[in-house]
Chemist: 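Supplied in structure tokens, the structure appears directly below.
Sequence lines set the chain letters: A, B, ... in the order given, protein chains first and strands last, and positions in each chain run from 1. Model, not experiment: these values are computed from the prediction.
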There are 2 protein chains.
Amino acid sequence: MTFGTVAILGPGLIGGSLALALAERGVAERLVIYARNETSFPAIKAKLPQAHLTTDVAEAVSGADVVVLCVPIETMAALVKQFVGSLKPTALVTDVGSVKGSVDHCLAPLLNGRALWIGSHPMAGGEQTGFSAASADLFEGAAAIITPNSKTEQAAQQRAEEFWTALGARVRVMPPQTHDRIVAEISHLPHLLAAALINHLPKGPDAMLDLAGGGLRDTTRVASGSPELWTEIVEANRESIILALKTFEAKIGQLHQLIEKNDKTGLLKFLQEAHDIRSKMAETNPLFKKRS
Amino acid sequence: MTFGTVAILGPGLIGGSLALALAERGVAERLVIYARNETSFPAIKAKLPQAHLTTDVAEAVSGADVVVLCVPIETMAALVKQFVGSLKPTALVTDVGSVKGSVDHCLAPLLNGRALWIGSHPMAGGEQTGFSAASADLFEGAAAIITPNSKTEQAAQQRAEEFWTALGARVRVMPPQTHDRIVAEISHLPHLLAAALINHLPKGPDAMLDLAGGGLRDTTRVASGSPELWTEIVEANRESIILALKTFEAKIGQLHQLIEKNDKTGLLKFLQEAHDIRSKMAETNPLFKKRS
């Protein structure tokens, strides 16, 4: 299946990986990449000589059959306003933002009746940023959540499903608010914990930094992610994140009590439960077989 | 440099990796491996045909120049009592346990005057267990902490340093109690947090398990570790772990407050601090360049 002309707006880690995957899998007849400025163009040109690169977003989307917003979530609405007049009415417009409720709330009114809109969130990424960190296999085995609202047209959902499937992702469908609640637990909270764990480590001589083994390396990898990006994500999904933090604090308090009371049986049960759930995840989630 | 006859007691993940590394690097003239029973012998024989395998621990250590205890920490003292009479007085005896205060407290009185004793803790491992998970490069780039006590002989410390260096590790020296305080922060706490994070995830339909991306995969990898092993570690380093949990709970509470108050500047600063420290770790710790 091909998707005609695909316009990627924002060639960072996710947008760049999308462009590389589209090219490698031959799912776009024509690939257009928009960026705010030309800084990244030489690097993109070297890997994607056939792509059309532009800093004019209206030009980028005109004639596009699929438009994917890969820019920071708080800049999406302003960008859509710039290009909405140039969209084909049959174009599928989607995004890759980590929060879906607020994105859908802002973009749906701008796009309804002008194109086919549906939000997306591929559950893949990395702590690196920019096109240089992009890779064509980023979405292989990853879940891609698409989030229809009550007005989403069937055609939008169907084409978004086909688009992500063509990139090697496993599509899951749920309302934006359900997405936000789940992702607060499985992505946003783990990120905040990694940052808190790093900040909690005793300061002082650097010696400790070089003592750490693979455990700390992996539990904190995401703390190297962009502080700006994550501040935006937290703001956009604040309520669900606060709820996730509250229930997690209760869980860590429960663990603390087991250790304080020297309850070996309780602790063993706690660790066994985690072991079993984590092992099941490793078996059932194809992404857990990939390496970071 | 070679170390004469090296006896590895317990061919699990760490002991097995030690044996493979010793063989690959040619640092042992003779390699002896003791296990409680012969279950693992065929697999070991296939990879290390030159090693002498035995289920008789006294036989294993007699004639050994270096003896490395790679068995669970709570079984070490009983094992030492079985073989202490067969040690050469010049033998270096060390271990690979994750806690050093209690190990040193139990083993030093048994070994002082009978051999050269010093505790070790290579900061390398994995969530898998057993010889099948062992690898010859496990210690390359890892820190190996050795923990002299007030009675440790200079010769013990020097030979332990040479031993771990020959295996590709970076040796750090500190008292057992300092080790336990630091490792509670950089290894034991991250492990408990990973388990708590997994246990806190909403139960119910399995769907969520397969939605998770690389963030949850890596932050929780260590939660797949052996529940029995980690219950023992927590018991053996309980005081330092309780302290680490307390300060971490304060840190997560601070982060929670920033988000509750919608303090974007404070949150950005918090995440920036974590980003900077984590990035510095990734630059300065060679292990952070290896993959799990």
Chemist: Between B:Glu235 and chain A, with a heavy-atom cut-off of 4.5 Å, which part of the residue counts as in contact: side chain, backbone, both or neither?
Modeler: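 For B:Glu235, side-chain heavy atoms alone lie under 4.5 Å from chain A.
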Chemist: In Å, rounded to the nearest 0.5 Å, how long is the span from CD1 of A:Ile242 to CG of B:Asn262?
Modeler: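 A:Ile242 CD1 to B:Asn262 CG: 8.0 Å, rounded to 0.5 Å.
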Chemist: When heavy-atom pairs shorter than 4.5 Å are enumerated against chain A, which of B:Leu245, B:Ile241, B:Val222 gives the highest number?
Modeler: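 Of the candidates given, the most pairs with chain A belong to B:Leu245.
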Chemist: With the side chain counted from C-beta on, respond yes when A:Leu192 and B:Ile252 share a heavy-atom pair under 4.5 Å apart, and no when they do not.
Modeler: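 No. Closest side-chain heavy atoms not under 4.5 Å.
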Chemist: Do B:Arg217 and A:Arg221 have side chains that get closer than 4.5 Å, going by heavy atoms?
Modeler: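 Of all side-chain heavy-atom pairs linking A:Arg221 with B:Arg217, at least one is under 4.5 Å.
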Chemist: When heavy-atom pairs shorter than 4.5 Å are enumerated against chain B, which of A:Gly125, A:Ala223, A:Gly225, A:Gly215 gives the highest number?
Modeler: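 So the answer, after comparing A:Gly125, A:Ala223, A:Gly225, A:Gly215, is A:Ala223.
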Chemist: For chain A, which candidate among B:Arg238, B:Glu260, B:Glu185 shows the most heavy-atom pairs at distances under 4.5 Å?
Modeler: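 Among the listed options, the one with the most contacts to chain A is B:Arg238.
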Chemist: For the atom pair NE2 (B:His121) and CG (A:Leu211), what is the distance rounded to the nearest 0.5 Å?
Modeler: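 Going from the NE2 atom of B:His121 to the CG atom of A:Leu211 covers 10.5 Å.
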Chemist: Would you say B:Glu239 has more than 12 foreign heavy atoms packed within less than 6.0 Å of its CD?
Modeler: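 Counting neighbours around CD of B:Glu239, 12 or fewer heavy atoms of other residues, nucleotides or ligands fall under 6.0 Å, so no.
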Chemist: Looking only at non-hydrogen atoms, find the nearest pair between B:Ser224 and A:Arg278 and report the distance.
Modeler: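 Reported closest heavy-atom pair: OG-CG, 2.8 Å.
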Chemist: With chain A, which of B:Asp276, B:Leu255, B:Thr231, B:Thr247 has the greatest number of heavy-atom pairs at distances under 4.5 Å?
Modeler: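 Most heavy-atom pairs under 4.5 Å with chain A: B:Thr231.
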Chemist: Looking at every heavy atom in both B:Ala212 and A:Leu287, which two are closest together, and how far apart are they?
Modeler: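 Taking B:Ala212 first and A:Leu287 second, the nearest heavy atoms are O-CD2, 3.9 Å.
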Chemist: Can you tell me how far the CZ atom of B:Phe270 sits from the CD1 atom of A:Ile198, to the nearest 0.5 Å?
Modeler: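 Result: 10.5 Å between the selected atoms.
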Chemist: At a heavy-atom distance under 4.5 Å, which candidate from A:Val183, A:Ile182, A:Ile259, A:Leu267 has the highest pair count against chain B?
Modeler: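 Ranked by contacts with chain B, first place is A:Ile259.
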Chemist: What option among A:Asn285, A:Asn199, A:Thr219, A:Leu193 has the most heavy-atom pairs under 4.5 Å with chain B?
Modeler: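 When all of A:Asn285, A:Asn199, A:Thr219, A:Leu193 are compared, A:Asn199 has the most.
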Chemist: With chain B as the partner, which of A:Glu273, A:Met123, A:Gln272 has the greatest number of non-hydrogen pairs under 4.5 Å?
Modeler: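 Winner by heavy-atom pair count: A:Glu273.
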Chemist: To the nearest 0.5 angstrom, please state how far the CG atom of B:Leu268 sits from the CD atom of A:Glu232.
Modeler: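 Going from CG on B:Leu268 over to CD on A:Glu232, the span is 9.5 Å.
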Chemist: Side chain from CB out, backbone as N, CA, C, O: work out which of these in B:Leu201 comes under 4.5 Å of a heavy atom of chain A, or both, or neither.
Modeler: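 When you check distances to chain A, only side chain atoms of B:Leu201 fall under 4.5 Å.
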Chemist: Can you tell me how far the CD1 atom of B:Ile277 sits from the NE2 atom of A:His200, to the nearest 0.5 Å?
Modeler: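 Here the interatomic distance stands at 11.5 Å.
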Chemist: Is chain A contacted by the side chain of B:Ser187, its backbone, both, or neither, given a heavy-atom distance below 4.5 Å?
Modeler: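 For B:Ser187, there is no contact with chain A at all, as no heavy atom is under 4.5 Å.
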Chemist: If we only count heavy atoms from C-beta on, is the B:Leu197 to A:Leu189 side-chain gap below 4.5 Å?
Modeler: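 Of all side-chain heavy-atom pairs linking A:Leu189 with B:Leu197, at least one is under 4.5 Å.
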Chemist: Quick one: which of B:Ala195, B:Ser226, B:Ala143, B:Pro227 has the most heavy-atom pairs under 4.5 Å with chain A, could you say?
Modeler: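 Highest number of pairs under 4.5 Å: B:Pro227.
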Chemist: Tell me, do A:His275 and B:Glu228 make a side-chain contact under 4.5 Å, heavy atoms counted?
Modeler: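 Not touching, per the 4.5 Å side-chain cut-off.
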Chemist: Quick one: do B:Val234 and A:Lys264 satisfy side chain to side chain contact (heavy atoms under 4.5 Å, CB included)? Show the steps, please.
Modeler: CA-CA 9 Å; B:Val234 171; A:Lys264 271 189 84 168; over 6 Å; no
Chemist: With a 4.0 Å cut-off on N to O distance, would you call B:Asp210 and A:Arg172 a salt bridge?
Modeler: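 Here B:Asp210 pairs with A:Arg172 in a salt bridge, since their nearest N and O are under 4.0 Å apart.
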Chemist: Go through the atoms of B:Lys269 and report whether side chain, backbone, both or neither lie under 4.5 Å from a heavy atom of chain A.
Modeler: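 Neither part.
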Chemist: Would a 4.5 Å heavy-atom cut-off, applied to side chains only, mark A:Lys246 and B:His256 as touching?
Modeler: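 In contact.
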Chemist: Please report the shortest heavy-atom distance between A:Leu216 and B:Pro190, naming the atom on each side.
Modeler: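 Between these two residues, the closest heavy atoms are CD1-CG, 3.6 Å.
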